[in-house]
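Scroll down for the structure; my scribbles are underneath it.
Values below: every heavy atom of this structure, side chains too, minus hydrogens, waters and symmetry copies. Not measured: the values here are computed from a predicted model.
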Amino acid sequence: MADVTHGDVSATSATTEKKLGLSALVALVIGSMIGGGVFSLPQNFGSVASPGALLIGWVITGVGMLCLAFIYQNLSSRCPELEGGVYSYARAGFGDFIGFQSAWGYWFSAWLGNVSYAVLLFSAMSFFIPVFGEGNNLPSIIGASVVLWLVHALVLRGVREAAYINTILTVVKVVILLVFIVAVLIAFKIGVFTADFWGRMMIVNGQEPALFDQVKNTMLVTTWVFIGIEGATVVSARAANRSDIGKATVIGLLGALAIYVLVSVLSMGILDQASLAGLKNPSMAGVLENVVGPWGAKFVAGGVILSVAGALLAWTLFAAELPRVAANDGIFPKVFAKENARHSPSFSLWITNGLIQLFLILTLFYEAGYQALFSIATAAILPPYLFSAAYGLKLAWTGERYADGESRTGGIVLGVIATVYGFWLCYAAGDSMLLSSLLFTPGLAVFLWQKKQQGQRLLKGYEWAIVVALLLVAAWTLKLVLAGAIQIA
Ligand SMILES: NC(=[NH2+])NCCC[C@H](N)C(=O)O
């Protein structure tokens, strides 16, 4: 996906490949969004929310994500020169420091998400080879490291087929998801679904969560499964019809939303909340096993392996590509722009995969599970989402880049909703958001070093204020972590 959606890995593929029609674009949107997240939805929601809370959570997410998608579509046509997508919008709107931190957060999210993919992949493998357990024990980490460097070698050689492979895998995973949906629809028991609709009897961490908290706690998961939504807009140049891009984004988004809602809501009519919460991830496996017997678990696990393998390849390309684009923009250190003879961003790829390797080892050490990892990966992407939404609002508000007499009301409404949604997500992310401040802090050092190298002024007035706030939050978070008030695993 990365090769197609997020600016091309090389300019050549854009000129040699043929233009994309509507169905290809829809496949692309769905393929870049549906990776690993969907397969764990039953447990992820079962552990925090009742059916009622989940439905409210999906309504909020549907509206918020739709507005965000429209904003990206809008920005990509109004600002065609901003090729880095998400972070370039943040930079254009709010200066170099915010732009840098957005690129940094997006990059972190991309590769940390891959660490979580590795854990999920081996957790799925354990359905066939039990020694892999939850995907974060020693055999899994060794296996994941092998997979990591295989993908690395593949990308270094310049993978042009990634997009093609991903299209096939997209069809396969959608078919598997549909089989699951049909099976749970037939077995759905309304009595199980309504037994504790608002979660009045629910106990989470020894407490009875209020409805508001249940809804809030679904937000990280609903956001995680929609990451990748921003990708579709960046292919503008390769679409046969410009108007197809908007259509594809909306169709893809609604299609994915329908799948997510059906998978998660129907599962709540198969097993009660406490049983769902206790399932091992990928938890769709446990749900289907309950309906059709042991082959159901293996069927889903096989689907996860294919789907995550494709997504892993795609996000590896993209995690390495982003620093390259950012380095060409002069916002990341120049070395990241280095390419090998096959036009792969080799330096960037080595650093990125080196970090993934390091975090795989830390995962073993801290026994961090899939959920902990993707929660932080999701939190890290929220600032880039928030600031690009805010840029959409800023343009509509000031009328910059709007034609004379063009109506700005729609843009303002979309911008307000998406920006409020972005703030809400940051708030709802809670501890994970705090933890991500520890990831943004080292970025500060890189940013200042880079500015010094370029002989530019380090920070402007308001940027100092943001830096001080960031450092305060990071220090506070560190204190909480050391006191054991925030747990990483
Ligand atoms: N490796 C990553 N950074 N993945 C982010 C994309 C997550 C994707 N929406 C999923 O559900 O799996």
Side-chain angles (χ1 to χ4, degrees), residues 1-35 37-38 61-83 85-86 89 159-179 181 225-263 306-307 310-311 313-315 317-318 321 388 392 410-411 414 418:
M1 164 244 20
D3 164 297
V4 191
T5 52
H6 298 280
D8 270 304
V9 168
S10 85
T12 47
S13 57
T15 44
T16 52
E17 269 167 70
K18 56 181 198 310
K19 294 277 185 188
L20 299 168
L22 182 61
S23 53
L25 286 170
V26 173
L28 208 130
V29 182
I30 296 212
S32 63
M33 237 174 356
I34 302 184
V38 62
T61 305
V63 173
M65 283 294 167
L66 206 57
C67 292
L68 199 59
F70 280 132
I71 293 218
Y72 282 126
Q73 182 200 336
N74 216 314
L75 287 176
S76 80
S77 59
R78 279 184 210 281
C79 322
E81 83 287 1
L82 297 180
E83 292 188 329
V86 178
Y89 301 141
V159 189
R160 292 277 166 274
E161 293 79 20
Y164 176 67
I165 297 173
N166 214 35
T167 311
I168 299 178
L169 289 176
T170 300
V171 175
V172 174
K173 65 192 163 196
V174 169
V175 169
I176 290 177
L177 292 170
L178 291 180
V179 170
I181 289 171
V225 290
F226 277 109
I227 294 180
I229 184 161
E230 67 285 351
T233 52
V234 191
V235 284
S236 345
R238 295 193 37 210
N241 291 312
R242 258 203 113 82
S243 63
D244 283 349
I245 297 173
K247 276 189 221 149
T249 306
V250 176
I251 297 173
L253 182 97
L254 294 179
L257 183 65
I259 290 177
Y260 294 155
V261 171
L262 287 170
V263 165
L306 292 177
S307 177
L313 181 61
W315 280 93
L317 282 165
F318 185 49
E321 179 65 7
S388 42
L414 285 178

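Of the inter-residue distances, the one linking I259 atom CD1 with L178 atom CG reads 6.0 Å to the nearest 0.5 angstrom. Between atom CD of residue E230 and atom CD of residue Q73 there is a gap of 14.5 Å, rounded to the nearest 0.5 Å. Residue L66 holds its CG atom at 9.0 Å from CG of L257, rounded to the nearest 0.5 Å. Taken from CG in L253 to CD1 in I229, the straight-line distance is 4.0 Å, to the nearest 0.5 Å. Note that CD1 of I176 is 12.0 Å distant from CD1 of I181, once rounded to the nearest 0.5 Å. From C67, atom SG reaches atom CG of N74 across 11.5 Å, with rounding to the nearest 0.5 Å.
Closest of all the heavy-atom pairs between K173 and G31 is NZ-O, 3.6 Å. When every heavy atom of G252 is checked against every heavy atom of V29, the shortest pair comes out as CA-CG1, 4.1 Å.
Remark: V225 pairs with L41, W58, Y260 by the side chain to side chain contact (heavy atoms under 4.5 Å, CB included) rule, at least two apart or across chains. For I71, the side chain to side chain contact (heavy atoms under 4.5 Å, CB included) partners at least two apart in sequence or on another chain are L75, L414, A418. Residues meeting the side chain to side chain contact (heavy atoms under 4.5 Å, CB included) test with L306, sequence neighbours left out: L169, V172.
Between L177 and I34 the shortest side-chain heavy-atom distance falls below 4.5 Å.
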